[in-house]
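Notes for the one structure printed next.
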Amino acid sequence: MSDTMIQVITIMQFIMQYLLMPASFLLTFILPVAVYVINRRYIWASIPLTVIMELIINWDNFMYYESRGLMIFFTLAQVAVMAVFILVLKYIGVKTKK
């Protein structure tokens with residue numbers, strides 16, 4: 001296996017470990033489902049709510065200069081996973097309406 005492939009696998013493992021932490025898991029997967037159940041129209045509002053909560057929870061990590069880039073990377077990865085998850089929820093909702 002090439003070094004690039006090993007690095008990609010390692011980065012994916014770090015992202016998955018981050019997303020499986022209790023607070024990140026709740027914000028990434030449970031919050032969109034809760035908003036979807038309450039009112040489907042506002043499901044995209046869960047992304048800014050998650051970013052704000054991540055800033056509040058990890059404020060020290062965002063302010064420390066050595067970990068700032070890594071926290072921004074993990075937050076953007078979390079937003080990307082949330083966007084895909086929200087699209088899946090919307091697709092399932094369209095299929096169940098028919």
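- Both I9 and I6 belong to a single network of hydrophobic side chains, linked directly or stepwise wherever heavy atoms of I, L, V, M, F, W or Y lie under 4.5 Å apart.
- No more than 12 heavy atoms of other residues, nucleotides or ligands shown are found within 6.0 angstrom of CG on D3.
- Using a 4.5 Å heavy-atom threshold, the side chains of F85 and V33 count as touching.
- Note on L20 and V84: separate hydrophobic clusters, where clusters join Ile, Leu, Val, Met, Phe, Trp and Tyr whose side-chain heavy atoms are under 4.5 Å apart, directly or indirectly.
- The ring-ring contact (aromatic ring centres under 6.0 Å, His included) test applied to Y42 returns no partner, not counting sequence neighbours.
- From T28, atom OG1 reaches atom CE of M82 across 6.0 Å, with rounding to the nearest 0.5 Å.
- For M5, the CE atom sits in a loose shell: 12 or fewer heavy atoms of surrounding residues, nucleotides or ligands are nearer than 6.0 Å.
- Shown here are the side chain to side chain contact (heavy atoms under 4.5 Å, CB included) partners of F62, two or more places apart in sequence or in another chain: L55, N58, M71, I72, T75.
- Counting heavy atoms from C-beta outward, F73 and I11 have side chains that approach closer than 4.5 Å.
- Between M21 atom CE and Q78 atom CD the span is 9.5 Å, to the nearest 0.5 Å.
- Residues forming a ring-ring contact (aromatic ring centres under 6.0 Å, His included) with Y36 (at least two apart in sequence, or on another chain): none.
- The only member of I38, L87, L89 that meets side-chain contact (heavy atoms from CB on, under 4.5 Å) when paired with I43 is L89.
- Panel note: side chain S46, backbone L31; no donor-acceptor pair is recorded below 3.5 Å.
- Using a 4.5 Å heavy-atom cutoff, the side chains of V79 and T50 are not in contact.
- Distance check: R68 CZ to M63 CE gives 5.5 Å after rounding to the nearest 0.5 Å.
- Across P48 and A45, no two heavy atoms sit closer than the pair CD-O, 3.2 Å.
- Cluster membership for F25 and V88, using ILVMFWY side-chain heavy atoms within less than 4.5 angstrom, is not shared.
- Both V37 and I47 belong to a single network of hydrophobic side chains, linked directly or stepwise wherever heavy atoms of I, L, V, M, F, W or Y lie under 4.5 Å apart.
- At least one side-chain heavy atom of I15 sits under 4.5 Å from a side-chain heavy atom of F74.
- Here L19 contributes atom CG and S24 contributes atom OG; the two are 6.5 Å apart, rounded to the nearest 0.5 Å.
- Of the inter-residue distances, the one linking L26 atom CG with M53 atom CE reads 10.0 Å to the nearest 0.5 angstrom.
- Residue W44 qualifies as enclosed at atom CH2: its count of foreign heavy atoms under 6.0 Å is above 12.
- By the 6.0 Å contact criterion, CZ on F29 is enclosed, its count of non-hydrogen atoms from other residues, nucleotides or ligands being greater than 12.
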